[in-house]
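The next block holds one structure in the form of structure tokens; read it before the comments.
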Amino acid sequence: MRASELLAPTLRETPAEAEIVSHQLLLRGGFIRKAAAGIYTYLPLGRRVLAKIEQIIREEMDRAGGQEVVLPIIQPAELWQESGRWEVYGEEMFRLQDRHRRQFCLGPTHEEIITALVRSEVTSYKQLPLLLYQIQNKYRDERRPRFGLLRGREFVMKDLYSFDLDQEGLNQSYQKMYQAYSNVFRRCGLDFRPVQADSGAIGGNYSHEFMALAAAGEALLVYCRECDYAANVEIAEARALPKAAAENPAPLKEVATPGQKTVTEICTFLQVTPDKLIKTLFYEADGQLIAALVRGDRELNEVKLQNHLNCRHLVLADPERVMKAAGAPVGFVGPVGLQGIPLYADLEIPYLVNGVAGANREGYHLVNVNPGRDFKTAAVVDIRQVEAGEPCPRCGAPLAQARGIEVGQVFQLGTKYSSVLGAKYTDARGQEHPIVMGCYGIGVSRTMAAIVEQCHDDQGIIWPLSVAPYQVVIIPASLKDDGQREVAEGLYRELAAAGVEVVYDDRDERAGLKFVEADLIGYPLRVTVGKRTVTSGTVDVKWRSRKEETPLPLEGLTAQIQTLLAREMEKYRLRG
RNA sequence: CGGGAUGUAGCUCAGUUUGGCUAGAGCACCUGCUUUGGGAGCAGGGGGUCGCAGGUUCAAAUCCUGUCAUCCCGACCA
């Protein structure tokens with residue numbers, strides 16, 4: 001490719017709208033442009049990176065036995081009504097009507113459509129297992145699209161669905177995908193970690209997320225440095241860590257605490273440590289009021305609470321409703337004497353001796369609160385957020401914490417969709433069974449952004465060779481010098497003919513500008529043709545990721561470059 | 001959806017408080033000359049319904065009302 005013909009409009013300045021590095025650099029490097037909030041155009045360079053990532057995914061899916069299909073983006077409402085998700089999905093679904101006023105949506109995901117396909121085409125156990133996948137745009141009308149490609153409303157996703165006879169088959173498919181995902185992200189050059197994850201509204205009971213470690217990530221995860229335990233904090237198991245309490249239970253006492261509402265205020269006022277406090281949080285679980293109790297020095301984890309309650313919607317109750325139910329405003333509510341509101345206590349609560357809690361009377365708190373004696377709980381459950389430094393639930397070593405970008409997730413769905421939509425097979429004895437399903441997603445465009453988050457410096461992007469838009473850029477220092485121009489042209493032709501993905505910067509610009517742009521765009525290997533090329537017959541070769549520049553003789557240069565590229569590519573090969 | 005902010009040239013922004021003359025700068029773009037190994041210099045040039053709609057006024061980028069869009073924080077989220 002000649003740079004003079006390439007549409008790669010770089011920006012000198014960082015666009016005001018871009019907050020995080022990947023968004024900034026992808027805009028500045030001329031990879032993407034915004035069309036609307038969360039909706040992007042991919043320019044030639046962006047498209048090439050995307051295609052590289054897609055190809056890696058395709059190879060790994062095919063290797064695992066997947067078959068590629070293309071499912072419709074526009075999907076009929078009927079199918080979604082059948083699965084019950086037409087209503088459940090709510091505002092996040094882009095809906096539209098055709099000229100006959102029939103209802104459709106833009107596919108936010110494809111469980112319905114693929115299950116419908118399989119129910120009509122698969123009837124016998126002989127046709128299973130089956131792994132079907134596609135790489136295609138998804139549409140989700142996010143409440144708040146942000147961070148460029150990391151959370152868009154239109155984005156590229158690979159989704160694979162597995163269909164098996166039984167749980168054992170599903171386990172095997174799941175295992176295959178887990179391995180395939182590890183392969184994909186390794187080949188993309190990502191520093192990633194698979195973590196145990198919540199299966200969320202998509203259903204199912206077993207799930208892992210693949211997290212690209214990055215400060216810009218929206219997800220928080222904990223992992224053990226000693227064993228292989230790693231989990232999204234949403235579901236990370238907490239242990240009860242009771243402080244050794246030597247005291248004996250004392251009589252319950254009400255004390256005036258005028259205006260003292262927050263944990264910090266109360267602790268200062270009453271001269272106690274936060275771990276003595278019982279935080280009482282009211283939630284509406286599918287409309288029903290419940291109270292959750294955690295220690296004052298802990299954070300409640302809503303995902304865990306929701307999973308224990310097994311409810312669909314969980315929201316913090318509004319203050320008025322709390323006032324009505326407890327008889328006191330938020331800040332003065334507590335578990336003692338609450339009538340008709342189930343109490344869900346965190347694992348650590350029962351260990352508290354002489355704790356502090358709201359008195360359910362404005363301006364008052366109770367001291368010497370003793371769980372069991374002073375109030376009864378509906379359940380004692382793990383509902384607090386795990387923090388860095390806590391012991392690993394597997395081996396006890398201190399847990400580390402990190403932020404991650406969720407680039408992939410694998411789910412065991414079981415028969416959630418197949419039973420609702422009637423996807424069944426007949427076994428060898430003529431018995432009908434629902435097909436056992438799994439689903440597996442990779443955010444392709446998000447992966448592209450995640451790579452940039454991890455691979456950049458002050459000058460720009462440093463693409464891993466495996467996903468770079470082009471592998472090599474040739475920069476002639478001066479095009480006015482016929483000698484340089486001829487060598488550069490010739491080298492370009494030779495490399496291109498040898499199948500190397502190469503950009504020849506033939507623009508009538510100063511060399512300095514070309515270097516700056518090459519660094520911004522992030523071509524992995526740079527070949528500079530300059531005065532020395534003409535005088536001593538060498539070019540200067542430099543990796544984007546390294547500082548040194550080395551002279552290489554023109555003789556046999558194409559083969560030499562191919563060798564260099566092949567050696568570098570080894571980094572992204574799978575081991576074993 | 002709640003809170004905050006911003007919309008002026010392709011990009012980054014000034015001008016708005018206190019209404020006033022032909023709406024500005026830098027970068028980018030076009031032409032010419034010089035320059036040419038890390039975002040060149042000089043000269044000349046093109047590009048704007050000041051987000052949109054309405055209102056107040058002799059006069060609106062500037063004041064008022066409405067509306068749309070975008071960004072950030074939160075809530076939410078296969």
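Excluded from the calculations below are hydrogen atoms, water molecules and symmetry mates; all remaining heavy atoms, backbone and side chain alike, are included. A, B, ... follow the sequence lines: proteins, then strands. Residue 1 opens every chain.
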Inset, instruction - Go through Phe155(A) and Tyr40(A) one step at a time and tell me if the ring-ring contact (aromatic ring centres under 6.0 Å, His included) criterion holds. - result: CA-CA 8 Å; Phe155(A) 56 96; Tyr40(A) 290 87; over 10 Å; no

Whole angstrom is fine here: how far is it from [atom1] in [X] over to [atom2] in [N]?
X         : N       : atom1 : atom2 : result
Ile20(A)  : rC73(B) : CD1   : P     : 10 Å
Arg510(A) : rU36(B) : CZ    : P     : 8 Å
Phe411(A) : rC77(B) : CZ    : P     : 13 Å
Lys547(A) : rG38(B) : NZ    : C1'   : 15 Å
Glu13(A)  : rA14(B) : CD    : P     : 12 Å
Glu218(A) : rG74(B) : CD    : C1'   : 13 Å
Leu27(A)  : rG10(B) : CG    : C1'   : 13 Å
Glu284(A) : rA75(B) : CD    : P     : 17 Å

Categorize [X] for me: base, sugar-phosphate, or nothing, with a 4.0 angstrom heavy-atom threshold over every strand shown.
X         : value
Lys138(A) : nothing
Thr14(A)  : sugar-phosphate
Tyr283(A) : nothing

For the side chain of [X] and the base of [N], is some donor closer than 3.5 Å to an acceptor across the two?
X         : N       : answer
Arg28(A)  : rG39(B) : yes
Gln459(A) : rG39(B) : no
Arg526(A) : rG38(B) : yes
Arg146(A) : rC72(B) : no

Which nucleotide in the set [options] lies at the smallest distance from any side-chain heavy atom of [X]?
X         : options                   : result
Phe147(A) : rG39(B), rC71(B), rC72(B) : rC72(B)
Arg144(A) : rU36(B), rC77(B), rC73(B) : rC73(B)
Ala16(A)  : rG37(B), rC77(B), rC13(B) : rC13(B)
Pro15(A)  : rC76(B), rU12(B), rC72(B) : rU12(B)
Arg153(A) : rG37(B), rU70(B), rA40(B) : rU70(B)
Ala37(A)  : rU70(B), rG38(B), rG39(B) : rU70(B)
Glu517(A) : rG39(B), rU70(B), rA40(B) : rG39(B)
Glu549(A) : rG74(B), rC77(B), rG37(B) : rG37(B)
Glu19(A)  : rC72(B), rG37(B), rG39(B) : rC72(B)
Ala477(A) : rA75(B), rG37(B), rU36(B) : rG37(B)

Legend entry - Residue closer to the 5' end of RNA chain B, Glu509(A) versus Val516(A) (nearest nucleotide):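 Per heavy-atom nearest nucleotide, the more 5' residue is Glu509(A).
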
Inset, instruction - Specify the residue among Gln409(A) and Leu11(A) whose closest nucleotide of RNA chain B lies further upstream toward the 5′ end. - result: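 Taking each residue's closest nucleotide, the earlier one in sequence belongs to Leu11(A).
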
Legend entry - Residues Tyr344(A), His308(A); criterion ring-ring contact (aromatic ring centres under 6.0 Å, His included); working and verdict: CA-CA 9 Å; Tyr344(A) 292 86; His308(A) 283 299; 8.3 Å; no

Inset, instruction - Considering only atom C1', compute the distance from rC11(B) to rC58(B) and round it to an integer number of Å. - result: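 Result for the C1' pair: 38 Å, nearest Å.
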
Legend entry - Atom P, compared across rC30(B) and rG19(B): separation rounded to whole Å: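 These two P atoms come out 42 Å apart once rounded.
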
Inset, instruction - For the residue pair Asp141(A) and Tyr139(A), confirm or rule out a side-chain donor-acceptor distance under 3.5 Å. - result: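 Per modelled atom types, Asp141(A) and Tyr139(A) side chains form no pair under 3.5 Å.
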
Please determine, for [N], whether a Watson-Crick or G-U wobble partner exists with both distances under 3.5 Å, and give it or none.
N       : result
rG38(B) : none
rG54(B) : rC64(B)
rU49(B) : none

Legend entry - Under-4.0 Å salt bridge between Arg544(A) and Asp457(A):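 The answer is yes: the pair qualifies as a salt bridge.
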
Legend entry - Salt-bridge criterion met for Glu218(A) and Arg144(A) (N-O under 4.0 Å):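 No salt bridge links Glu218(A) with Arg144(A).
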
Legend entry - Main-chain N/O of Thr538(A) paired to Thr533(A) side chain as donor or acceptor, under 3.5 Å: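 Pair found, side chain donor or acceptor close to backbone of Thr538(A).
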
Inset, instruction - Determine yes or no for a side-chain-to-main-chain donor-acceptor pair under 3.5 angstrom, with Asp286(A) supplying the side chain and His313(A) the backbone. - result: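 It does hold such a pair.
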
Inset, instruction - Answer yes or no: does a side-chain N or O of Arg12(A) lie under 4.0 Å from OP1 or OP2 of rG39(B)? - result: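 Negative; the distance criterion is not met.
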
